[in-house]
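Computed from heavy atoms alone, side chains included, the values below leave out hydrogens, waters and symmetry copies. Whatever order the structure lists ligands and atoms in, that order sets their numbers, starting from 1. In this chain, numbering begins with 1 at the start of the sequence shown.
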Amino acid sequence: MKLTYDTIRVEKDNGVTWVIFNRPEKRNAMSPQLHFDMDDALGELAGDDETKVLIITGAGVSFSAGQDLKTYFRETANNPELRQKSQEASNRWRWRRLSQFPKPTIAMINGYCFGGAFTQVCACDIAIAADEATFGLSEVNWGVIPGGIVSWNVTEVMSYRDAIFYAMTGLPFDGKKAAEIKLVNYSVPLEKLREETLKIANLLRDKNPAALRATREAVRTVRGMTHDQAQQYLAAKLTELVAKDKDKGMQKGLSQFLDDKSYRPGFESLKN
Ligand code: ACO
């Protein structure tokens with residue numbers, strides 16, 4: 001499996017795979033090459049047995065400054081073929097590949113996060129930001145709209161009021177505000193960000209992978225359903241999980257709790 005790319009770094013550590021945007025001198029703006037690299041890496045990592053949890057983040061002071069205004073927009077203006085290919089790769093990895101990634105995904109927002117970079121934040125299951133991070137739906141300041149699917153992403157996770165306020169004004173906000181308006185789950189001081197993100201990654205890594213995958217698919221999918229559809233779908237999903245789970249997690253859990261009395265999952269997190 002290829003682990004060396006021009007614009008990103010892939011680091012594996014004990015089941016947790018870090019994918020790091022690596023153009024710090026350009027604040028990790030997303031060039032066509034970065035889109036090709038991310039598209040390839042996520043495709044490879046989806047089937048990689050060593051990857052139990054995926055974290056995406058940025059090198060240096062930025063998560064990502066959004067689309068690269070020079071190489072993604074200006075330099076492809078007269079190159080429709082490159083524009084088309086980079087747009088396809090951009091849309092595929094930031095939404096399809098990430099939102100359907102078969103293992104848990106975490107966005108760790110360490111610094112600047114602008115424009116197009118909101119999509120990968122929203123695509124990840126969990127997002128944790130530094131208090132000091134700076135977010136901005138800055139498109140309006142460039143005479144464009146939050147395109148790709150950014151407008152859709154932000155109205156899915158934020159309230160309509162917050163989404164339209166920040167999209168229309170282009171005003172920046174910090175990690176604490178991002179947590180308050182639910183763009184991210186929560187924020188911590190930058191010095192604690194890596195430790196906190198790893199804590200959540202390790203928690204997820206140690207759970208039954210089949211149950212975890214079915215859970216995220218279930219929670220994502222029911223959002224567009226009626227009550228009756230959700231009830232039917234979830235019953236079928238549970239049957240599928242129990243049939244497919246190699247670890248037989250449900251039977252094991254019941255026996256540990258009811259017979260051996262060795263397992264009290266409801267209280268585990270209180271012990272830390
Ligand atoms: N596209 C292309 N290059 C960029 C981008 C970008 N989105 N963001 C930063 N860069 C480049 C700068 O041009 C500069 O390059 P240079 O050294 O060759 O001159 C380098 O990265 C460093 O940028 P500075 O502005 O000097 O860094 P600073 O730390 O002062 O500011 C910040 C960082 C706030 C991110 C600033 O660069 C900025 O506002 N960037 C634009 C962010 C933005 O609005 N992105 C949305 C684009 S629209 C969309 O995504 C659809």
Just to verify, which of [options] counts as forming a side-chain contact (heavy atoms from CB on, under 4.5 Å) with [X]?
| X | options | value |
| --- | --- | --- |
| V121 | I109, I56, L98 | I109 |
| C122 | V157, I149, V184 | V157 |
| K103 | T51, L45, V53 | T51 |

For ligand 1, find out whether one of its N or O atoms is nearer than 3.5 Å to an N or O atom of [X].
| X | result |
| --- | --- |
| F114 | no |
| E139 | no |
| A29 | no |
| F73 | no |
| K26 | yes |

So, for [atom], does the protein have a heavy atom nearer than 4.0 Å?
| atom | value |
| --- | --- |
| atom 30 (O) of ligand 1 | no |
| atom 36 (C) of ligand 1 | no |
| atom 25 (O) of ligand 1 | no |
| atom 42 (C) of ligand 1 | yes |
| atom 45 (N) of ligand 1 | yes |
| atom 12 (C) of ligand 1 | no |
| atom 7 (N) of ligand 1 | yes |

Query raised in the report: Out of curiosity, W18 CH2 to D13 CG, how far, rounded to the nearest 0.5 Å?
Result: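 If I round to the nearest 0.5 Å, the distance is 9.0 Å.
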Hey, which atoms in ligand 1 end up nearer than 4.0 Å to a heavy atom of [X]?
| X | result |
| --- | --- |
| E25 | 20 (C), 21 (O), 22 (C) |
| G115 | 50 (O) |
| G66 | 50 (O) |
| G116 | 49 (C), 50 (O) |
| S138 | 43 (C), 44 (O), 45 (N), 46 (C) |

Presence of salt bridge, [Y] and [X], under 4.0 angstrom:
| X | Y | value |
| --- | --- | --- |
| D125 | R220 | yes |
| K52 | D206 | no |
| E180 | K177 | yes |
| D68 | R23 | yes |
| K192 | E196 | no |
| R213 | E217 | yes |
| D39 | R97 | yes |

Report task. May I ask you to identify, for Y72, whether its side chain, its backbone, both or neither come under 4.0 Å of ligand 1 on a heavy-atom basis? Result -> neither
For [atom], what is the nearest protein heavy atom, given as residue, atom name and distance?
| atom | answer |
| --- | --- |
| atom 1 (N) of ligand 1 | L69 N, 2.8 Å |
| atom 40 (N) of ligand 1 | A65 CB, 4.4 Å |
| atom 34 (C) of ligand 1 | Y112 CE2, 3.8 Å |

Query raised in the report: To which of M30, Q67, R27 does the heavy atom nearest atom 28 (P) of ligand 1 belong?
Result: R27
Query - Stepwise side chain to side chain donor-acceptor pair (under 3.5 Å) test for N79 and T76 - result: CA-CA 5 Å; N79 187 342; T76 61; over 6 Å; no
Requested in this report: Consider only side-chain N and O atoms of T57 and N110, and report whether a donor and an acceptor are under 3.5 Å apart.
Outcome: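 There is such a pair (donor and acceptor under 3.5 Å, judged by atom type) between the side chains of T57 and N110.
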